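See structure below.
The chains referred to below are lettered A, B, ... by the order of the sequence lines, with proteins before strands, and numbering in each begins at 1. Everything numeric in this text was worked out from a predicted model, so none of it was measured.
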Amino acid sequence: MTDSSPGMLRLPRDFYARKAIEVAPELLGRYLVRNVGGKQRVGRIVEVEAYLGPHDRAAHSSKGVTPRTRVMFGPPGHAYVYLIYGMHHCMNVVVDREGEGAAILIRALEPVHGIAARTQGPALLCKALEIDRRLNACDLTGRDLYLAEPDEMSAFKVVRRPRIGVDYAGAWARRLLRFYIQGNSCVSRP
DNA sequence: TGCACGATGAAC
DNA sequence: TTCATCGTGCAC
C-alpha cells in the first residue's frame, strides 16, 4: 500500500471546515493513516466524539485559549493531541472555522493494515499508531498523519450516545455527541 | 509556587 | 472499585 493507492486519498481541508456535529458522523468508516518508519498503519474509524467549542462545558476549549487549547482554536484539518492521566495520549481532529475551538476525538479504530495492537479506545489507538504530543498541531493534509477516503464505504448504521467520561459537564454530558458504527466489535464501549 | 484533577486503561 | 502518573489551569 502506497501514498498513491486509491484507499489513501486524503480528505481535503474543506472536509474539516464544517460544524463538528456535521463532520463527526462522517468520520465513521473513513481511514486514519499513520506513516512511521517508512511503514503505513491504517485503521477504519468506528467511534468518535464531537466537542463543539468554548460553550461546550465538556470541551477543553471551554477554558478559552490557553497554551494547550491553542491548537483547538487554530485552523481546521490539524491534529490536537494531548496527554491524559499523565500517561495516555488522545487524538482529535480540529474542525469548524479557525477560532471556533471545535474538535472531534477519535475513540476507536478497526485495524485495516499494519496494525497489530488493540485500537478500541482513544489512548489504545494512539499507542498502536505511535501518536503522541510530538504530533500535536500536525497538519492532517501532510504525510505523517492524515485521514483518507476508503476504496468503498460499506453501509452501516450510526448510533448516538452521550460522551464518555465527561460527567463534570452537567447538561452537556447528556448530549448525544458520541457516534459509533452499530454492531462494530472495535467500539470501546458499545 | 502549590495543588486538584482529568475526553483512560488495567488490575483486582 | 482502585490506582498509575504528570501536565494543565487556577488559586494563593
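Between I164(A) and K127(A), the residue whose closest nucleotide on DNA chain B is further toward the 5' end is I164(A).
Side-chain N/O atoms of T141(A) and R10(A) include no donor and acceptor closer than 3.5 Å.
Residue pairs satisfying the salt bridge (Lys or Arg N to Asp or Glu O under 4.0 Å) criterion with at least one member in residues 40-58 of chain A, sequence neighbours excluded, are listed as follows: R41(A)-E130(A), R44(A)-E110(A), E47(A)-R107(A), E47(A)-R178(A), E49(A)-R107(A), D56(A)-R163(A).
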Could you walk me through whether Y16(A) and H78(A) satisfy the side chain to side chain donor-acceptor pair (under 3.5 Å) test, starting with their C-alpha distance in whole Å, then the side-chain angles of each, then the deciding distance to 0.1 Å, before giving a yes or no?
CA-CA 9 Å; Y16(A) 303 99; H78(A) 291 258; over 6 Å; no

Test side-chain contact (heavy atoms from CB on, under 4.5 Å) on R118(A) and L125(A); report intermediate values, then the result.
CA-CA 7 Å; R118(A) 286 170 303 157; L125(A) 74 87; over 6 Å; no

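A58(A) comes within contact range of at least one nucleobase, with a heavy-atom separation under 4.0 Å. Residue M91(A) is out of contact with every strand shown, counting any heavy-atom pair closer than 4.0 Å.
Y82(A) and H60(A) have their aromatic ring centers within a separation under 6.0 angstrom.
Taking a 6.0 Å sphere around CZ of R134(A), one finds it holds 12 or fewer heavy atoms contributed by other residues, nucleotides or ligands.
Secondary structure note: stems in DNA chain B built from 3 or more consecutive Watson-Crick or G-U wobble pairs under 3.5 Å occupy B:1-6 with C:6-11, B:8-11 with C:1-4.
R107(A) has a side-chain polar atom (N or O) that falls below the 4.0 Å cut-off from OP1 or OP2 of dT8(B). OP1 or OP2 of dA10(B) sits under 4.0 Å from a side-chain N or O of R118(A).
Residue-nucleotide stacking is not present for Y82(A) and dA7(B), judged by a side-chain ring centre under 5.5 Å from the six-membered base ring centre and planes under 30° apart.
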With B for base contact, S for sugar-phosphate-only contact and - for none (protein heavy atoms under 4.0 Å), nucleotides 4-12 of chain C reads BBBSSSS--

